[in-house]
Structures are given as C-alpha cells and as structure tokens.
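Labels below follow one simple rule: chain letters A, B, ... track the order of the sequence lines, proteins then strands, and each chain is numbered from 1.
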Amino acid sequence: MGFQEVIQKGITSAIKSTGIAVDGPEVILEKPRMKEHGDICTPVALTLAKALKKNPIGIAEQIAESANFPPDTIASVEVVKPGFINMRLAHGVLVENIREVHRLGDDYGRSGLGNGEKCQVEYVSANPTGPLVVVSARAAAVGSAIVNLLRAVGFDAEGEYYVNDFGNQIEALGKSLRFRVKERFGRLDNGEEIGAYPGDYLKTIAGRISEDLVTEWERENSVARYAEHAANELLRSIKADLELYGVHFDNFFRESSLHPALVEKARTLVDDKGYSYLHDGALHFRTTDFGDEKDRVLVKSDGNPTYFLADIAYHMTKLERGYTRVIDLLGPDHHGHIPRMQAAAKVLGAPDNWFEAIVVGWVRLMEGNKPISMSKRAGEFITMRELINDVGPDVAKYFFLMRRTNAPLDFDLELARKQSDENPVYYVQYAHARIASVTRFAAERGAARLGQKANLSVISSPEERDLMVHLIYYPYVVEGAALSREPHRLTVYAKELASLFHQFYHQHRIVTGDQDLSSARLALAEATMQVVRNTLSLLGVNAPRSM
RNA sequence: GCGCCCAUAGCUCAAUUGGAUAGAGCGUUUGGCUACGGACCAAAAGGUUGGGGGUUCGAGUCCUCCUGGGCGCACCA
C-alpha cells in the first residue's frame, strides 16, 4: 500500500468515527502547489461542508484531530483557510521510499492496477503510399509511450499498426510507380501523367526494378503488380524508420487480409442487427442512431466496400482477439471518424468505453520562429527520417511528448538541434549523467557500497527533503499518466525531478570525508538516477551515463 | 452553415481534471565554482488565462454567447 492509500484510510475512518458522515465522499489527495501548504493535502472538508451545510473549517478540524495514521507517516496535520487539511510527511516514510526505489529498481513505479487486462493501442497506421512524415513521428512517440505506461501499471498492452494496403489510394500508388518505371525506361506515352504520388521516393523504388520484371508486369497489363510492389517496399522502409526511431510494434495488421471474407462478415453483422439500408444503390449504416451527424456508406453502388466497412471489420477482429479496451490514435484530420466508429463498436456488441479515440494534434515545423511550409501534394515534405537524422530520436520523441497530445505543436528544429541548456531534453539527461559520474567518483573512493546500507536519517536539508518528496510521488504520476493517457505528464515530472536534483547537488557535496553522510546522499542520488531512468524509459528516451 | 480541436508571461509550454497567491524553461537584467560534470545554481522583471455573461464556498478548468486560428462535414482513404 502506498503512502497515499495509508493517508486516505486514516482520513476516511476519521470521517466515519467522528460521525461527520456515514458514507463520506472519496478522499481526494493532492500535492499542494505551494510548499508552505505541506507535502500532501485534501479538500475533503470543503466537499463535506457543501453536502452537510456546515462550516468547512470545523469539519476539517474535527477530522484533523481524530485522524489516526500509522507511526512515522505523517509528521503534522494543519487546517487552513477555507478548510484544507494540509499534511507534512514524516521523515521515515520518505526514507522508506528511498529504500523502496533501491529495492525495486527498474520496477519502481510499476503496479498491478490493470490486472493484466488485455488492451491495444493502434497508432501511426499511415498508408504505405509514402514515407512517414512528422505528424506520424509524433503519433509514434505518443503511442509507444502510452503502451509503455499501460504496461507499467499492469495492463497487457499491445501496439499495433494498421496497414491500409488496399483500395483506391494503393491503386493510385501503383499507377504512379508505373509512371516512374516507364519514365526510367523511356516508354512514357504522350501526355501521360504521374498521378497522385509525385514524390522522388517512387523513383528510387522504380530504379531497383529489373527490366525483365517490368516486361512481365506489362504483359499482365495490371497496375496491381506495381501497387503491391510499391506498398511492400514502402512498408519495409516505414518499418526501418520506426526501428531507427526506437519504436517497436507488436503487430502490423494488413487491411488486405480482411478482404473479402471478414469484410463480408462485418457487413452481414450490421445487416443482421438491422442498421443498414439501401439508398441510391449504396448500402448505408444508420450511424445517426448513435449520434453521428449523417449515415455512412458501407458498400458503394459499384459494389466495392468503403474504407469504413473495412475498418468495422478490423475492429471486429480486435473484439474477437479479446481486447477489453482498444485505443486508436487518430491523425488530426480524422477526428470526424470518432462518432461513426463509436456507432460501429456498439453494433459489434462491444462494451461501453471499449473504443477510445485520441486525436493527435498537428505538428508545425519551425526554423526558429519561421514555419516550414510543406505540401504533400507537391511531394514536398519533411519526413520522419529526415527529422531523426537532423535532431536524433531522443530529442524528437521528447519534444513530441512535452505537449498535451491533442494540442497543436510547434516543433522548433533550431532549438531541437542545440546541444545546450536551452534544450530541455539535455537538462534531464544531464541530471542522469551527472549522478552516474558521481557514482563513478564515489566508487573510486570506495564509497559506493556504503550507499546500499546508508542510514538516511542523517539527511534533512530542505533540498534533500524536496527531492525525497518528489520521488515518493512518482508511482502516482505514472498511474495518472497511464489512466488519462497523458504521457506529457512524465516530461513535466522529469524536468521537475532533474531541477530538484540540480538544486540539491549545487547545495550539498555528496562524497565527503563524512562516511555516513556520503553514503546517505549517495543513496538519495542513486534513487534519483533510478527514477530519472524509469521516467525516460517510459518515454522511450535514453538515459545516458555520460554525454 | 453545422460539428470537433486550439487560444495562459515577449517565445515554447505546465497547472494534480473544480481547489489555496496561475507555475516552469527560453529570452532579458544581475549574481554564483581552487573539491563529486558550469549542458548547473540563485535573484529580479514579466499576467484582466482571447472577450462578455453565468453556475458556487472556489473557475484557466464546467455552461452560454462572441472573436480569431486549425480541421472535418465523400458512394477518398
């Protein structure tokens, strides 16, 4: 049981034992914004005052007086102004937490909250019609961080990439590749145009196709060969880019594998539930019954299934595969899909809240304060690979994870390139490297082993205490970030942790002639290093021991 | 026109999901190492949270209207 649960229990039973309320509200604990307000506080008396129409201060005082906590957890309880109960943690609980960090190591911050529940995060899922661009880089960073977070709190989470290797866009891709191939061998017809995908990358792919193969494909007179080849080549390079970025998917699911059987099955399912109807020769899904603004087409009047129907089939497989919850990361231009997918989930028989959509906000690349213009149509855009080559995977990921996921993001390349104190990534990594360096120094002095058995009661300065308080909150930050799917909380936490360490380091020398003090401070520094590493690991960012 | 998202210090962003005096970094000004990493630390200045109204003990956060920006509103994916 964590320290918060212990406090919660103490307050809850105080509310009951004093007879303030038989069935009190959930005791919400918060970290006060200001240090003067203690280490932890609760506004529960304010909530109670509202319900009971009594004076909140009085209630708070009653709770404060009768609350019992295990020894060495709470040092002081104070009731202030409107009715807050502010508490100060005892040194013992902070010390015990440092030992906990050492004991658990990489597992500190992990929990079994999710009970091994099987869930899935689908992200990136960009069409294999070109290289990944920067918005996909953001989705990749966010998606993989969410998977890491869910695993950390005990969910059996998987990351999946849905490959749209079917349909009109792929056919258009085939045509464009065919153009590049004919261009290369000088076989272009008069007035022939490249079509939808004019980017140079198809030239590269065309350049690797042998003339024999081309002759064979031309004999079949089918763009399908070109399309299949292009999609496979592009998917291969997308996978390579993701590998370079350090983002690993558990599965790549191809849309083509849904056709035709599963797509047909999905259509039948909607039919059988009575939500489909024919209109103008096309089969429609009455998604308006579930709050969508208009009904959506499932089968076009030419007999071909829409993307939406395939997507229903895809989510049908997710349900069949036993995920109790699926989280889809959607591009900023796809937020309109949410209502129809919710409708689909209902008709598929999924439980409430089974389908969850997160919209990843736009990314605007900046060079200082000058936006970089990009046009996908003209084939001019900065790819994810170019971004990684420019600033490195760690910086790229960290920048994407600093902002709330659904908010638009300005990515300043000029700042990202800087290896200096202006760059927030290095600030955090520097703290880790600095501690690693100190431990090396301590080892030379033979002080390293002392850290393990340190008597932490000898440290008591404000800087040390602030650091310990921040460390004790880490598991709750992980939990909150996971449950709210907000990985950016981790970057905020990491920055604060690094800052508190730097303050401590600046104020106190760790390795001194005083062995007791040295080993105690070393134990604290090493615990900090461990938590920095755990945090960065969830973000998918390296924690270098030197830089 | 309808719907969704965004708007917080000069810039980039936080704000424990309705809590206390809205906080950091960068930039600006000023100061700080003869010992463990100066990619660091400290101090100052910087705000009508886009605007009006409402809900209540309490609003950046919730409801409403308005302004400005982005994106959707295909028998495309």
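- Interface remark: the A:H335 side chain does form a donor-acceptor pair with the B:C71 base, using a distance-only criterion of under 3.5 Å.
- Here the nucleotide nearest the side chain of A:A433, chosen from B:C41, B:G37, B:C36, is B:G37.
- Residue A:Q169 has its side chain nearest to B:A77 when only B:A77, B:A20, B:A7 are considered.
- At a threshold of 4.0 angstrom between heavy atoms, the contacts of A:S484 include nucleobase atoms, whether or not backbone atoms are also involved.
- Out of B:A35, B:G19, B:A15, the shortest distance to the side chain of A:E30 is found at B:G19.
- Under the stacking criterion of a centre-to-centre distance below 5.5 angstrom and an interplanar angle below 30°, A:H37 sits stacked against the six-membered ring of B:A20.
- Closest contact between the side chain of A:Y307 and the listed nucleotides B:C6, B:A77, B:C36 involves B:A77.
- Nearest to the side-chain atoms of A:Y430 among the listed nucleotides B:A77, B:G38, B:U17 stands B:G38.
- Annotation for A:H335 and A:V359: closest pair CB-CG2, 3.8 Å, computed over non-hydrogen atoms.
- Side chain of A:W362, nearest nucleotide from B:A77, B:G37, B:C71: B:C71.
- For the atom pair A:K495 NZ and A:Y427 OH, the distance stands at 5.0 Å (nearest 0.5 Å).
- Here B:U64 is in the anti range [glycosidic angle more than 90° from 0].
- Ring stacking holds between A:F84 and B:A20, with the centres under 5.5 Å apart and the planes within 30 degrees of each other.
- Side-chain nitrogen and oxygen atoms of A:S301 include none within less than 4.0 Å of the OP1 or OP2 phosphate oxygen of B:C75.
- For the atom pair CG (A:L258) and CZ (A:F166), the distance works out to 9.5 Å, reported to the nearest 0.5 Å.
- In this structure, of B:G25, B:A7, B:G32, it is B:G25 that holds the atom nearest to the side chain of A:K495.
- Distance from the side chain of A:R434 is smallest to B:G38 among B:G38, B:C36, B:A77.
- Taking the six-membered ring for Trp, A:Y493 and A:H470 have ring centres closer than 6.0 Å.
- Closest to the side chain of A:V297, from the set B:G37, B:C75, B:G70, is B:C75.
- Which of B:C36, B:A77, B:C41 sits closest to the side chain of A:R340 comes down to B:A77.
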